[in-house]
Amino acid sequence: MSTTLVRPGRIGTALRRSTQVVAAIGGVILVGIALLTLTSVLGRSAFSHPIQGDVEIVQLACAVGISCFLPYTQWQGANIIVDFFTARASQRTKGRLDALGSLLVGLVALLVCWRAGAGSVMAHTNEETSMLIAIPIWIPYLLMLPGFFLTALVSFYIAWQSLIGHSAHE
Amino acid sequence: MSSFSIGVALFAAMLGLMAIRIPISIAMFVPGAVGYSVLSGWNPLLNHLKGAVFGRFSVYDLSVIPLFMLMGAFAMHGGLSKALFDFANALLGRFRGGMAMAGVLACAAFGSISGSSVATTATIAQVALPEMRRLNYSGRLSTAALAAGGTLGILLPPSVTLMIYAILTEQNISKLFLAAYVPGIIAALGYILAIAIYVRVQPQHAPNTSKPSSSELWHSVVNVWPIVLIFMSVFGGIYGGVCTPTEGASIGTMLTFLTALVRRGLNWGKFKQSLLSTAQTSGMIFMIFMGADMMNACLALSQLPSELATLVAGVGIPPLAIMAAIMVFYILLGCVMDELSMIMLTIPVIFPVVMGLDFFGLPPTDKALWFGILILMVVEIGMIFPPVGLNVYIMNGIAKNVPMSETYKGVVPFLISDAVRMALLILFPGITLWLVHTLAS
């Protein structure tokens, strides 16, 4: 994917840093899931006392963690494309197609962000909670929004960069 | 326009978008969303999307994917690969081509705690390739053996492909993992055999052997025991029914982290790198999940999968011929698209077709396990099959002075071994199902 590596400007640097920070937060959530599950297994086997509601916490945390990974994936240009049919196209054509691709990623991320927000409102109105320890479902819904929103921002930035002939990816 | 033809049109639109470099996840999402709103309306689509993504990301069993990724990343940085390769070479090094065989064996061992073939190839190649070149192994044999050996990363559990298959088809992950062992071990033995035959026919590719002493063997045994311990505690727990795959993966992640820490393989920088590489790969997988889900929700509305299943079951072609055709179709499709996305996209359509056919009178759960392993083989072959074998690309990045065409030439014996194994697995489902039946009863 790398065409001409440019020194990212102020916006690029800020976006890169934020994707890294958000991805690291997702990673820490994942480590947290592992620690929680481990503690629960130890508690269950040693004292026959698992952590109440561990499965629910893992589910909800997993959804939030994964949404945190998405902006970084997009920044790294790791969303898979098929380059078989365009292998012989000119750099300019590829750049334009990649701009279109990133633009679409951004639009989809915005759509999902908007709908997950609506989902959060709905869960709040219906007072939905998890089964065992009654975590309000609107909270993890809401926590997914930053990941999708940042994905949209990053995608629009990359689309713009590809259009003017720069590769934003590292 | 019937629902069925709308389904076909969407499929065509999706392939068109993929051909012009639109990310695969989005090439599935956009036609899926458009089709959904055509078939049932804009507001139902908006309603569907309210909960769909959260619903997909918050599945308990899905958490095994990032967890096993993280475990693999820790193992990669933990200096475990050198211990494995030294051990394998102490065992096999004295034979002609033995160091290439040792590379395969080390890949198999690493693959049994890592779910990714890319990580397995890269990790083992870093220690094995310089050693092979030191003994004047040809670039062709050394890179091909490691590219092929690396595929054992997904053949042997934990395996990302199997986890995705299990989630898409609602099968038991532990049973699928068990079913993969015998085929995986056959694969490793097949590769070792392929090397043995190859170096006998063309000895110039492996001119020298290493002669490890017995003290080196003993020393290497001491170094590999943590890997055995991690393997036993993760999979002993899962197969013994003591813990769920997510719990096993959590235990494994923490144990691998500790091992890497104790061996001083892990510092702050590498820890961050492990988190970020896990984020990148998991993000990629879940983006595709999101797109495939949208597409499948739409395809389900169009009833294309069920109509196709009835159609195929009614044409009167022998089921085994259909299965062979499916496998060939997958390998060809794998030439132009990524194997994981291919699976996520096609399984919801192809799985009902397979389940609607009769193979040796297998009961449904057995049929699902057997088909899952066949799918795994297809993905594995795609990793080294031209023109885009991912593992060959990885090797090319590591062994910069070996041209990719050389690696592709070297891969041929391994592909022959793959083809033979594939035929055996299709004709004798018992190979796959034996271990599951033995341990489950």
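Keep in mind that what you see is a predicted model, and the values were worked out from it rather than measured.
Using a 4.5 Å cut-off between heavy atoms, B/I26 contacts chain A through its side chain alone, with no backbone atom that close. In this structure, chain B has heavy atoms under 4.5 Å from both the backbone and the side chain of A/P140. For a residue to count as touching a neighbouring chain, one of its non-hydrogen atoms must lie under 4.5 Å from one of that chain's; by this rule B/M290 touches chain A with the side chain only. For a residue to count as touching a neighbouring chain, one of its non-hydrogen atoms must lie under 4.5 Å from one of that chain's; by this rule B/L275 touches chain A with the side chain only. Interface remark: B/I65 contributes no atoms to any contact with chain A (heavy atom separation under 4.5 Å). Heavy atoms of B/M254 lying under 4.5 Å from chain A belong exclusively to its side chain. The parts of A/V82 that come within reach of chain B are both its backbone and its side chain, each placing non-hydrogen atoms under 4.5 angstrom from that chain. Contact annotation for B/I24: both backbone and side-chain heavy atoms come within less than 4.5 Å of a heavy atom of chain A. Using a 4.5 Å cut-off between heavy atoms, A/V58 contacts chain B through its side chain alone, with no backbone atom that close. Contacts of A/Y72 with chain B are made by side-chain atoms alone, with heavy-atom separations under 4.5 Å and no backbone atom involved.
Interface check for chain B: of the options A/T37, A/L35, A/V28, the most heavy-atom pairs under 4.5 Å are formed by A/T37. Ranked by heavy-atom pairs shorter than 4.5 Å toward chain B, the options A/N79, A/L36, A/T151 are led by A/N79. With respect to chain B, the highest number of heavy-atom pairs below 4.5 Å among A/S40, A/G27, A/A24, A/A63 belongs to A/A63. The choice from B/I251, B/T278, B/L276 that makes the most heavy-atom pairs within less than 4.5 Å of chain A is B/L276. Of the listed residues B/A52, B/A279, B/G283, the one with more heavy-atom pairs under 4.5 angstrom with chain A than any other is B/A279. Of the listed residues (A/L70, A/I80, A/T19), the greatest number of heavy-atom pairs within a distance under 4.5 Å of chain B belongs to A/I80.
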Next on the checklist: The test is side-chain contact (heavy atoms from CB on, under 4.5 Å); show your working for A/I81 and B/M18 and say whether it passes.
Outcome noted: CA-CA 7 Å; A/I81 61 165; B/M18 280 182 193; over 6 Å; no

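Judged by distance alone, the side chain of A/R115 and the main-chain N or O of B/L46 form a donor-acceptor pair under 3.5 Å. With hydrogens and angles disregarded, no donor-acceptor distance shorter than 3.5 Å links the side chain of A/T86 to the backbone of B/I20.
In this structure, A/C62 SG and B/L67 CG are separated by 7.5 Å, a value rounded to the nearest 0.5 Å. Atoms CZ and SG, on A/R44 and B/C243 in that order, are 7.0 Å from each other to the nearest 0.5 Å.
Among A/V105, A/L111, A/L104, the single residue meeting the side chain to side chain contact (heavy atoms under 4.5 Å, CB included) criterion with B/F29 is A/L111.
Here the shortest heavy-atom pairing between B/S282 and A/F69 reads CB-CD1, 3.7 Å. Nearest heavy atoms, A/Y141 versus B/G51: OH-CA, 3.3 Å.
For the pair B/F54 and A/I137, the minimum side-chain heavy-atom distance is below 4.5 Å. Counting only heavy atoms from C-beta outward, the side chains of B/M69 and A/L30 never approach each other to under 4.5 Å. Between B/F286 and A/T73 there is no side-chain heavy-atom pair separated by less than 4.5 Å. With contacts defined as side-chain heavy-atom distances shorter than 4.5 Å, the pair B/M284/A/Q74 does not qualify.
Within a 6.0 Å radius of CZ in B/F235, other residues, nucleotides and ligands contribute more than 12 heavy atoms.
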